[in-house]
Structure formats: structure tokens, C-alpha cells
Amino acid sequence: MRIASWNVNSLRVRLPQVLDWLARNQPDLLALQETKLVDADFPAAELAAAGYHCLYSGQKTYNGVAILSKLPGTGVLTDLPDLDDPQRRILAAGFGDIRLVNIYVPNGSETGSGKYAYKLDWLSKVTAFLKAEIARYPQLAVLGDFNIAPDDRDVYDPAAWHENILCSTPERQAFQGLLAVGLQDSFRLFEQPAACFSWWDYRAAGFRRNLGLRIDHVLLSEPLALRCTAAGIDKTPRAWERPSDHAPVVAELSG
DNA sequence: ATGGTGGCGCGGCCA
């Protein structure tokens, strides 16, 4: 089976691209971030016509997460247990024998800011949640926009980004804390070319010059990592007209 | 240090 994550930066704008990508790639599960739609406006009919069930937790203008799936989901969760938060950033559900947790980690704005503190607090709370989740559901996949480049290989210019937002030591430690729950970065299970990224700034022709960061991830628990046969980033949609600033990240699981 | 672009929505915030 194929599972994927894509920050679409407005599902209203990107729906044609999502439908195109679904038709071409036929993922079993696709986690979306930054849908920027209230639930009443979610394009469930169009996606159902394409053969996908939809779960969504949206809000106006900002954030919003969704899961598109060939099988219907069960045991849906839309909030972290210890966080009363209007921001729609997490969506978890079961699909067959797999538990999926879709996350849109706060960007953090800049190190030392209030938003940065919120990001680190959010990461601490999601880590505690995932400890419980993996105990309950050993076949766990955690995927989404983590807004963290795990190490310097994931940054086009590590010196320019040194201790900057998305790359700071506390953020990277938080990412390692997520892995320590019992998760592996599927991308690094395989030999990868240098300079592979999942996000490129719209500004300064970032994509054309490959000035990117790898901040979108598919993390797998040990039983799923053993089933993982490939992982990568599909840069194709980033080159389309009026693209999202993120590309889909993908993992293939046997069985 | 700033600005560069894009989405939302029509001024300024967020990324």
C-alpha cells in the first residue's frame, strides 16, 4: 500500500491538483495539511467521486487537516488530549490494520517568539500523545508537515539556516524525541540522493534553484518500517502551475 | 536587516 502526506496550502485552490495527483498515484491514504477550509466547505463529494473517503478537521483561513482514504476510517480523533486549542492541526484514525496520525506542526515564526514557544509546547504534547498511541496501536504511521528539518542534510544551506526557525537545536531535539517514541523516518530507511527537499519558498525562485528544506515526513513504527519497501518525495506537483509550496512525501508498505 | 511570493480577503496576518 501507498501512504502519503501533502501540505496543499489551500485545498480550495489546489483541489484540481489533488484530484490529478490521486488519479496518477492511487495512494491508499493521503494526509493533507493547510486545507484552510471550514468543514461545511470541504469538497467531500468531488473526492468521493474520485474513490476516496474523507475525514477532516478544518478552520477558516488557517491550518486545517484531512485524511483521504480508500477504506473508511475508524476511531477518529481531532484534538490532543492535553491541549484545548482552536487551531486544527491533528487528525488520527484507523484504516484496516494501520493507525494514522496526521499532524501540522506549528511553524514557530522565529526562535524565541511566542509562536516558537507554542510550537515546542505542541511538540511536547504530541510526543506524550504518541507514546500512548503507539502502545495502543503498534502499527502506527505519523505523517505530515513537521516544520522541522531533522539535520543539515535536509537543508540547502545549513550555514545560512544555522539555529534558524525549522532548524534550531530545540526543534531538532523535539524531532528526535518523536523518533524515540519508537518511530523511524521512512525517508532515511533508504539510500537517497543529496539535496532532497519537500518545501521550497515561493520567493526568490526557490524551487527552480532547489533552495529547499525537507520538513514533511512519514514516520513509521517498527512493524511498519519492516514493511516499508520505498520512500521518497514527488517533486512533480511543485513544478505545476500555481503550486503549493510543498511537495507530496510518499512511503510504500508491503502487504 | 530587509525583501522577495502566495492565500485569504480586502488590511494585515501567516507561512
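So that the names make sense, note that chain A is the first sequence line, chain B the second, and so on, each numbered from 1.
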Could you give the OH-to-P distance, from A/Y116 to B/dA15, as a whole number of Å? 15 Å

Using only side-chain N and O atoms of A/S109, determine if any of them is under 4.0 Å from OP1 or OP2 of B/dA15. no

Just how far, in rounded Å, is C1' of B/dC13 from CG of A/N63? 12 Å

B/dA15 to B/dG4 separation - C1' atoms, rounded to the nearest Å: 13 Å

Assign each of A/R242 and A/N147 to its nearest nucleotide of DNA chain B by heavy atoms, then name whichever residue's nucleotide is nearer the 5' end. A/R242

Would you say the side chain of A/L22 lies within less than 4.5 Å of the side chain of A/L47, judging by non-hydrogen atoms? yes

Between A/E171 and A/S168, a side-chain donor and acceptor under 3.5 Å: yes

Can you figure out which of B/dG9, B/dA15, B/dG7 approaches the side chain of A/T61 most closely? B/dG9

How long is the line joining CH2 of A/W240 and C1' of B/dG6, in whole Å? 18 Å

From CG of A/L37 over to P of B/dG7, roughly how many Å is that when rounded to an integer? 14 Å

Identify whether the distance between the nearest side-chain nitrogen and carboxylate oxygen of A/R88 and A/D79 falls below 4.0 Å. yes

With nearest nucleotides of DNA chain B determined for A/D145 and A/K36 from heavy-atom distances, which residue corresponds to the more 5′ nucleotide? A/K36

Residues in contact with DNA chain B, drawn from residues 198-212 of chain A - heavy-atom cutoff 4.0 Å: A/Y202, A/R203

Atom C1', compared across B/dT2 and B/dC8: separation rounded to whole Å: 24 Å

Can you find a side chain N or O atom of A/K115 that sits less than 4.0 Å from OP1 or OP2 on B/dC14? yes

Can you tell me, in whole Å, how much space there is between the C1' of B/dC14 and that of B/dG9? 13 Å

When you get a sec, tell me which of B/dC14, B/dG9, B/dC8 is the closest nucleotide to the side chain of A/Y62? B/dC14

Name the one of A/N25, A/I67, A/L68 that satisfies side-chain contact (heavy atoms from CB on, under 4.5 Å) with A/L30? A/L68

Here the distance between atom P of B/dC14 and atom CG of A/D245, to the nearest Å, is 17 Å

Provide, to the nearest angstrom, the distance between the CD1 atom belonging to A/I165 and the C1' atom belonging to B/dA15. 11 Å

Specify whether A/W199 and A/W161 have parallel, tilted or perpendicular ring planes, treating 30° as the upper limit for parallel and 60° as the lower limit for perpendicular. perpendicular

Between B/dC14 (C1') and A/Y118 (OH): distance, integer Å: 13 Å

Checking side-chain polar atoms at under 3.5 Å, does A/Q33 have a donor or acceptor matched by the opposite partner on A/D145? no

Under 6.0 Å between the ring centres of A/F95 and A/H53? no

Provide, to the nearest angstrom, the distance between the CD atom belonging to A/E110 and the C1' atom belonging to B/dA1. 12 Å

When the P atoms of B/dC13 and B/dG3 are considered, how many whole Å apart are they? 14 Å

Distance check, rounded to the nearest 0.5 Å: A/L77 atom CG versus A/E133 atom CD? 6.5 Å

